[in-house]
Amino acid sequence: MSNQPSQHASDVIDAIFSNNAGRDPERLALKYAKMAQSPFIFLRGACHLFYDHLPDSPLFCDAPLAWCCGDLHFENFGSYKGDNRLVYFDINDYDEAALAPVNWDVIRLLTSIQCGAEALNATHAESLAVSQSCLDAYRSTLISGKPLWVERDTCSGLVKALLTTLQDRKRAAFLDKRTIRKGRHRRLRLDGVKALPASDAQKKTVTKFIDRFAATQPNPKFFQVLDIGRRIAGTGSLGVERYVVLVEGKGSPDSNYLLDIKEAKPSAMVPHLARLGIKQPTWSDEASRVVTVQNRMQAVDHAFLHAVKLDGLPCTLRGLQPSEDRVAIGEWGKKLDRLKEVVAIMGRILAWDQLRACGRSGSASADELIAFAQRGDWVTEMLDAATEMTMLTQQQWKIFTEALSSRQSAEPTP
């Protein structure tokens, strides 16, 4: 891999602060604190830096185009309930989705495996072996040319556990974790961990939006608002406008539902793609981009998924997806074979999702993706590139943590 840009501390810090300008200060402080914890969490929180520094080499410029998640890492896979109320396992975050060279998702996923080796309880050598398993599974699945999905009855290991847990989860028990119950009434648990209080003005805006949305639905009473909070979730999106809304659902108190409303920002990939002359479709807004690509790539649509406008702000609306439904494979990483198994599933899912969306709005056909995978001349180069991107991310993380520490030291003590 060539053309790797040098790292200048001021450039890294300026890019991070500029990208996060205007976000909710309280949740932005939480984001920065999380990013300082490890290079892997930093990778998750600084997607824009990753693509700003992805080399303009033939490896990443000459691959066929495909619909990509954009922010692919091993914790952006998880179980979810589809709009048919069945449980699926898939990529579950499409905030950065865009039309890009097919291997951009691959390089980010492989980098996350190496960068997150400590979180996986894996050595560097083991992370390379796991990366190879992921890449082999991705390539062979792409060559097959047939998009499938994970089946609960035939899968095993961690994925089986996630699917079974969500399928068997009792709504009342889930609500008890996120709300406080008083008789037949529930209120959100505003604990500073999952949610923060919303202002009266924010509650009024969200309630007005939900009421308008409910009027377009077959059962408006389902969406009767019971409580609203500012949601704390993820890393990259921390600080954007985001709310958790407790609604009546199928009846109080134990059949209430939780909805997630999140502001949709432009994709971090697009500036680099524009420099390469790769044009994107004309979207009505960023939320439409996110929802359209998610619907194209996932086998089954996520429950309640809609592109909406919250007081003119483009947002995605969907059923709340708890963090515990995402892949957390630290304990799984203590046994290499188990880790290889779950990461190979991720490689297959990525290939299935790209195949499912192929031929749409400028993306390559299935035949073109198959031909690319059959070549195989890029496989070793991808592993080397992921190692270099990992080293780059680690350097950026050190620069960030030093700058954040200096900034905090300079702030007056209350």
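Every value quoted in this text rests on a predicted model; they were computed, and no experiment measured them.
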Practice item. Step by step, work out the ring pair (Phe, Tyr, Trp, His ring centres under 6.0 Å) result for Y243 and F209. Key: CA-CA 12 Å; Y243 300 96; F209 156 72; 9.9 Å; no
[X]: side chain to side chain contact (heavy atoms under 4.5 Å, CB included) partners, not counting sequence neighbours:
X	answer
S199	A201, Q202
E118	none
A371	none
I41	K34, Q37, S38, T235

Exercise for review: Mind jotting down which residue pairs meet the ring pair (Phe, Tyr, Trp, His ring centres under 6.0 Å) criterion with at least one end in residues 348-374? Sequence neighbours excluded, please.
Suggested key: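 Qualifying pairs: F372-W378.
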Practice item. Not counting sequence neighbours, list each pair that qualifies as a ring pair (Phe, Tyr, Trp, His ring centres under 6.0 Å) and has a residue in residues 11-30. Key: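 Listed once each, the pairs are F17-Y32.
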Check [Y] with [X], please: is the shortest side-chain N to carboxylate O separation under 4.0 Å?
X	Y	answer
D227	R186	no
K170	D254	no
D176	R181	no
R356	D353	yes
R289	E286	yes
R375	D377	yes

Practice item. Return each pair, listed once, that meets side-chain hydrogen bond (donor to acceptor under 3.5 Å, both in side chains) where at least one residue sits in residues 297-311; pairs must be two or more places apart or across chains. Key: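 Residue pairs passing side-chain hydrogen bond (donor to acceptor under 3.5 Å, both in side chains), neighbours aside: Q294-Q298, H302-Q321.
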Side chains of [X] and [Y], donor plus acceptor under 3.5 Å:
X	Y	value
R296	S363	no
W397	Q395	no
D285	S288	yes

**Study point:** Six-ring centre of Y257, R171 cation under 6.0 angstrom, axis tolerance 45°
**Key:**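 Relative to the ring axis of Y257, which defines the angle, R171 lies inside both limits.
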Check your understanding: More than 12 heavy atoms of other residues, nucleotides or ligands under 6.0 Å from CH2 of W149: is that the case?
Key ->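 Check fails, neighbour count at 12 or below.
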Practice item. For a side-chain contact (heavy atoms from CB on, under 4.5 Å) with L246, tell me which candidate from V225, L259, L320, L226 qualifies. Key: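 That would be L226.
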Check your understanding: Once the angle between the rings of F223 and F213 is folded into 0 to 90°, is it parallel (under 30°), tilted (30 to 60°) or perpendicular (over 60°)?
Key ->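 Judged by the thresholds at 30° and 60°, the geometry between F223 and F213 is perpendicular.
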Review point. Looking at side-chain heavy atoms only, is the closest gap between W67 and Y94 below 4.5 Å?
Key: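 No, every pair of side-chain atoms sits at 4.5 Å or beyond.
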Check your understanding: Which residue pairs pass the salt bridge (Lys or Arg N to Asp or Glu O under 4.0 Å) test when at least one of the two sits in residues 20-30, sequence neighbours left out?
Key ->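 As it turns out, the salt bridge (Lys or Arg N to Asp or Glu O under 4.0 Å) pairs with a partner in residues 20-30, which skip direct neighbours, are D24-R27, D24-R230, E26-R230.
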Exercise for review: Just grab all the salt bridge (Lys or Arg N to Asp or Glu O under 4.0 Å) pairs involving residues 274-284, residues at least two apart or on different chains.
Suggested key: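 Residue pairs with at least one partner in residues 274-284: there are none.
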Check your understanding: Rounded to the nearest 0.5 Å, how far apart are CG of L163 and CZ of R152?
Key ->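 It comes to 7.0 Å.
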Review point. Taking only residues two or more places apart in sequence, or in another chain, which ones meet R360 in a salt bridge (charged side-chain N to carboxylate O under 4.0 Å, His left out)?
Key: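 With sequence neighbours excluded, R360 shows a salt bridge (charged side-chain N to carboxylate O under 4.0 Å, His left out) to no residue whatsoever.
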Review point. What residues form a ring-ring contact (aromatic ring centres under 6.0 Å, His included) with H124, not counting sequence neighbours?
Key: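 Partners of H124 by the ring-ring contact (aromatic ring centres under 6.0 Å, His included) criterion come out as none, since no residue qualifies.
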**Study point:** ring-ring contact (aromatic ring centres under 6.0 Å, His included) partners of Y51, counting only residues at least two apart
**Key:**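 Result, ring-ring contact (aromatic ring centres under 6.0 Å, His included) vs Y51: W104.
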